[in-house]
Amino acid sequence: MDSLTRVPLSQQAAEALLDAIGSGRWEVGEQLPGELALAGELKVSRSTIREAIRQLAARGVLTSRQGIGVFVTSATPTDGWDRLARLGAIAEVVQVRIAIESRAAALAAAEHDGSDAETIRRALAERNAMAARAAPGELAQADIAFHRAVVAAARNELLLALFDSLRPRLVASMGGLLEIMDVTEHDAHEHTAIVEAIFARRADRAEALTRGHLLGLADALRRRS
């Protein structure tokens with residue numbers, strides 16, 4: 001495989017691995033080399049390799065066995081109707097997020113204190129800083145951590161427990177969404193505007209901005225289906 005020099009590196013790494021599998025370098029059922037070896041060969045970071053493996057696992061090409069390694073399950077990725085099903089599943093999660101996070105933003109505007117504000121600021125700064133450079137999986141973690149900080153500031157234990165129970169699925173769906181959508185500067189501005197409304201204790205505006213942001217994601221998904 002040739003070394004990679006252009007972005008997005010995770011997608012290029014996934015395609016390089018897929019090409020190698022298609023050419024017979026690794027057969028179905030065979031274990032891939034470790035992340036460190038693959039990262040050295042492709043001259044990318046281990047996190048990029050992990051993200052590439054996750055992308056191919058979502059397409060049915062690879063599977064990870066905890067404590068053992070990564071194995072080839074198919075030489076042919078699943079797309080087409082499977083992609084539509086995946087988009088539909090992500091859209092369903094976004095609809096649930098609208099219900100939870102819109103109301104949480106309004107409550108956070110009314111209930112947050114200084115400690116909540118500091119946590120939200122840190123989470124927003126990390127999320128927006130990662131938007132320009134992180135792999136989708138890493139950015140998804142930071143994005144959901146930011147939204148959790150807002151939910152926590154709502155001071156509603158049941159709402160937070162519901163969010164936490166869904167968190168693994170939220171991260172997974174956000175990662176999948178980021179694989180097919182660019183995160184733009186405008187997206188960072190939307191998150192910043194939500195925080196400004198919360199800190200100004202403008203509950204209606206915080207709720208409307210959060211709803212608008214998530215509805216925008218839902219609309220973008222529909223345009224890709």
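None of these values were measured; they are calculated from a predicted model.
Residues meeting the side chain to side chain contact (heavy atoms under 4.5 Å, CB included) test with E30, sequence neighbours left out: W26, E27. Listed by chain and number, the residues in a side chain to side chain contact (heavy atoms under 4.5 Å, CB included) with A218 are V94, Q95, R222 (sequence neighbours excluded). For D113, the salt bridge (charged side-chain N to carboxylate O under 4.0 Å, His left out) criterion is met by R155, not counting sequence neighbours. Scored by the salt bridge (charged side-chain N to carboxylate O under 4.0 Å, His left out) test, R122 finds E118 as partners (sequence neighbours excluded). Evaluation of the side chain to side chain donor-acceptor pair (under 3.5 Å) rule for S45 yields S47, T48 as partners, not counting sequence neighbours. In terms of the salt bridge (charged side-chain N to carboxylate O under 4.0 Å, His left out) criterion, residue partners of E15 (sequence neighbours excluded) are, by chain and number, R59. Judged as a salt bridge (charged side-chain N to carboxylate O under 4.0 Å, His left out), and not counting sequence neighbours, the contacts of D164 are R148. When the side chain to side chain contact (heavy atoms under 4.5 Å, CB included) test is applied to A203, the partners found at least two apart in sequence or on another chain are A106, A109. Evaluation of the side chain to side chain contact (heavy atoms under 4.5 Å, CB included) rule for L166 yields V96, I100, L162, L170 as partners, not counting sequence neighbours. With sequence neighbours excluded, the residues that form a side chain to side chain donor-acceptor pair (under 3.5 Å) with E101 are R97, H147.
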Assess whether side chain to side chain contact (heavy atoms under 4.5 Å, CB included) is satisfied between L62 and V72, documenting all intermediate values. CA-CA 5 Å; L62 300 176; V72 179; 4.0 Å; yes
As a quick check of understanding, evaluate side chain to side chain contact (heavy atoms under 4.5 Å, CB included) for D116 and I198, giving each step before the final call. CA-CA 11 Å; D116 295 321; I198 290 172; over 6 Å; no
Mind running side chain to side chain contact (heavy atoms under 4.5 Å, CB included) on V61 and L17 for me, showing each step along the way? CA-CA 10 Å; V61 175; L17 292 173; over 6 Å; no
Under the criterion side chain to side chain contact (heavy atoms under 4.5 Å, CB included), I'd like the reasoning laid out for D187 against R127: C-alpha separation, chi angles, the key distance, then a yes or no. CA-CA 11 Å; D187 183 70; R127 185 254 172 231; 2.4 Å; yes
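Residues F71 and L32 fail the side-chain proximity criterion, which asks for heavy atoms closer than 4.5 Å.
Tracing side-chain contacts under 4.5 Å through hydrophobic residues (I, L, V, M, F, W, Y), one never reaches I194 starting from L215; they form parts of separate clusters. F146 and V171 sit in two unconnected hydrophobic clusters of ILVMFWY residues. Membership requires side-chain heavy atoms under 4.5 Å apart, directly or through other members.
If you take CG on L42 and CG on L38, they are separated by 6.5 Å, rounding to the nearest 0.5 Å. Between the CD atom in E126 and the CD atom in E138 there is a gap of 10.5 Å [rounded to 0.5 Å].
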Less than 3.5 Å apart, which donor and acceptor atoms pair up between the side chains of residues 205-212 and the rest of the protein, not counting sequence neighbours?
unit_1: E207; atom_1: OE1; unit_2: R103; atom_2: NH1; d: 3.3
unit_1: T210; atom_1: OG1; unit_2: A206; atom_2: O; d: 2.8

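Looking at E111, its side chain never comes within 3.5 Å of a backbone N or O of N156 through a donor-acceptor pair.
Annotation: ring-ring contact (aromatic ring centres under 6.0 Å, His included) contacts involving residues 197-223, sequence neighbours excluded, comprise H112-F199, H191-H213.
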